[in-house]
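Here's the structure we're looking at; comments come further down.
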Amino acid sequence: MPIVNRVADLQPDIQAWRRDIHEHPELLYDVDRTAAFVAERLREFGCDEIATGLGRTGVVGVIRGRKAAGQREIRGIGLRADMDALPIVEATKLPYASRTPGKMHACGHDGHTAMLLGAARYLSETRNFAGDAVVIFQPAEEGGAGAAAMIRDGLLDRFAIDQVYGMHNGPGIPVGSFAIRPGPIMASTDSVDISIEGRGGHAARPHLSIDSVMVGAQLITALQSIVSRSVDPLESAVVSICEFHAGNARNVIPQTAELKGTVRTLTAEVRALVEKRVREVVDGVARITGAKINLKYERGYPVVVNHPSQTDVAIQVAKEVAGDANVQEMVPLMGGEDFAFMLEQRPGAFIFCGNGDSAGLHHPAYDFNDEAIVFGTSYWIKLVENTLAA
Ligand code: NI
């Protein structure tokens, strides 16, 4: 296939960019070097328009096709990659490992950025489409809602983005294959912060105290009943309390305790139900124990919901790139992804590109698989040429 051949020619450059970005990981919104690197490449490629500083450090490039648009209603599509790394000490010992101890590209955003740059280069050279291909490089996917920040800065209105597509690498999915599903594909991620104020005292006189440790234990147990007894068993939800801090002596009942956790759901209805039940359980445990309990419940990333007809388009493109047998329908993941904010505003689809038998995402031994580059890059190119065919 001609596209894959041309992308194969570009592969060494894309791999070199990927490894350069890997060596220089940056966190959240502080992706200045990476953003400058991206903007410089887009300038070299001859993008028609380059915008920087959207969502603080996001970069956008616009590539105009050379074909006449005809009657088509789509003016352009957005392709999105993320640029940020994670606060992890890298354990790969690779020659291009992170040069900054404690920061690491452990989610493959180095690969995402490089593949989208590769597609931008190809599309700038060939322009074999009608309308605008808008390449979006966002900061702060890992917990900072960089996608929402770019939208607030006008991303979707300033540029001709009528549809929007995202891609993530998938460890455990063979290289050369893709996985996707219509509807919910990744979960909403809400956070729960609970502070318990009991009454401290002597361990031997519990009747004179309100034991914040016991209150915390009751809360954790009662919160587990939400998934098992309030949510429809055919729906999905996770309530994980992952931090419990209390006490510093074996003979003292502590005055306070702190719990922190996360709630994951796959629909707006279940998300609302779980939030309501968490509030009720906290109120109830406060009443039965006499402790003061303060709950901070914060909504984070929404559910990533793939739109059906754009998912069909993505499947078709993935099949053209990888072959029919190498595009699987997947079950949803309970991890989160801030591309959800873009899919709330525009129709589109999010797809996983196989990363082979690598360590898992966010693991210190993880590495993006450079063999996946030709597939991911070809997917972006075909997606533009098919969606924006004249
Ligand atoms: Ni990621």
Side-chain angles (χ1 to χ4, degrees), residues 17-19 21-22 24-31 34-35 38 55 57-59 78-90 92 98 103-117 135-150 164-173 175 178-181 184-189 191 262 264 300-306 314 330 332-343 348-356 358-370 372-373 375-377 379-380:
W17 301 332
R18 202 287 281 185
R19 294 183 178 191
I21 297 167
H22 190 91
H24 302 96
E26 298 173 297
L27 304 184
L28 290 167
Y29 286 96
D30 299 328
V31 291
T34 313
V38 165
T57 40
V59 181
L79 317 177
R80 174 277 207 167
D82 36 16
M83 299 188 285
D84 57 322
L86 286 155
I88 293 176
V89 178
E90 179 157 355
T92 64
S98 168
K103 296 183 189 174
M104 175 191 177
H105 269 290
C107 202
H109 299 184
D110 49 346
H112 303 164
T113 297
M115 290 192 295
L116 189 55
L117 281 175
V135 289
I136 304 163
F137 298 86
Q138 75 152 80
E141 194 288 318
E142 300 287 358
M150 288 189 82
V164 69
Y165 291 86
M167 176 165 39
H168 206 288
N169 73 95
I173 302 170
V175 172
F178 291 89
I180 190 171
R181 77 188 306 277
I185 185 165
M186 294 187 78
S188 60
T189 61
S191 66
T262 180
R264 310 294 173 105
Y301 297 173
V303 183
V304 181
V305 183
N306 275 343
M330 61 184 282
L333 304 175
M334 299 310 280
E337 173 46 81
D338 76 348
F339 187 65
F341 290 112
M342 296 196 186
L343 288 179
F350 190 72
I351 195 166
F352 285 87
C353 176
N355 202 54
S358 69
L361 300 174
H362 298 202
H363 189 279
Y366 168 86
D367 189 34
F368 177 82
N369 192 332
D370 287 325
I373 284 173
F375 299 99
T377 307
Y379 170 82
W380 284 137

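One-based numbering, in listed order, for ligands and for the atoms of each. This chain uses plain numbering: 1 for the first residue, then up along the sequence.
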Anything protein N/O/S under 2.8 Å from the Ni ion (ligand 1)? Just list residue and atom, please.
->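 Listed by chain and number, the nearby protein N, O or S atoms are Cys107 SG, His109 NE2, His168 NE2.
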
Fit a plane to each ring of His168 and Phe352, take the angle between them on a 0 to 90° scale, and name the class: parallel (under 30°), tilted (30 to 60°) or perpendicular (over 60°).
-> tilted

Using a strict cut-off of less than 4.0 Å between a Lys/Arg side-chain nitrogen and an Asp/Glu carboxylate oxygen, indicate whether Arg18 and Asp367 qualify as a salt bridge.
->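 Yes, this pair counts.
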
Looking at OG1 of Thr57 and OH of Tyr29, how far apart are the two atoms once the value is rounded to the nearest 0.5 Å?
-> 7.5 Å

So among Glu337, Met342, Arg181, Met167, which one has a side chain to side chain contact (heavy atoms under 4.5 Å, CB included) with Phe350?
->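 Per the side chain to side chain contact (heavy atoms under 4.5 Å, CB included) rule, the option paired with Phe350 is Glu337, out of Glu337, Met342, Arg181, Met167.
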
Does the gap between the ring centers of Tyr366 and Phe368 come in under 6.0 Å?
-> no

Classify the side-chain pair His22/Glu90 by whether it contains a donor and acceptor separated by less than 3.5 Å.
->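 Side-chain D/A pair, His22 to Glu90: present.
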
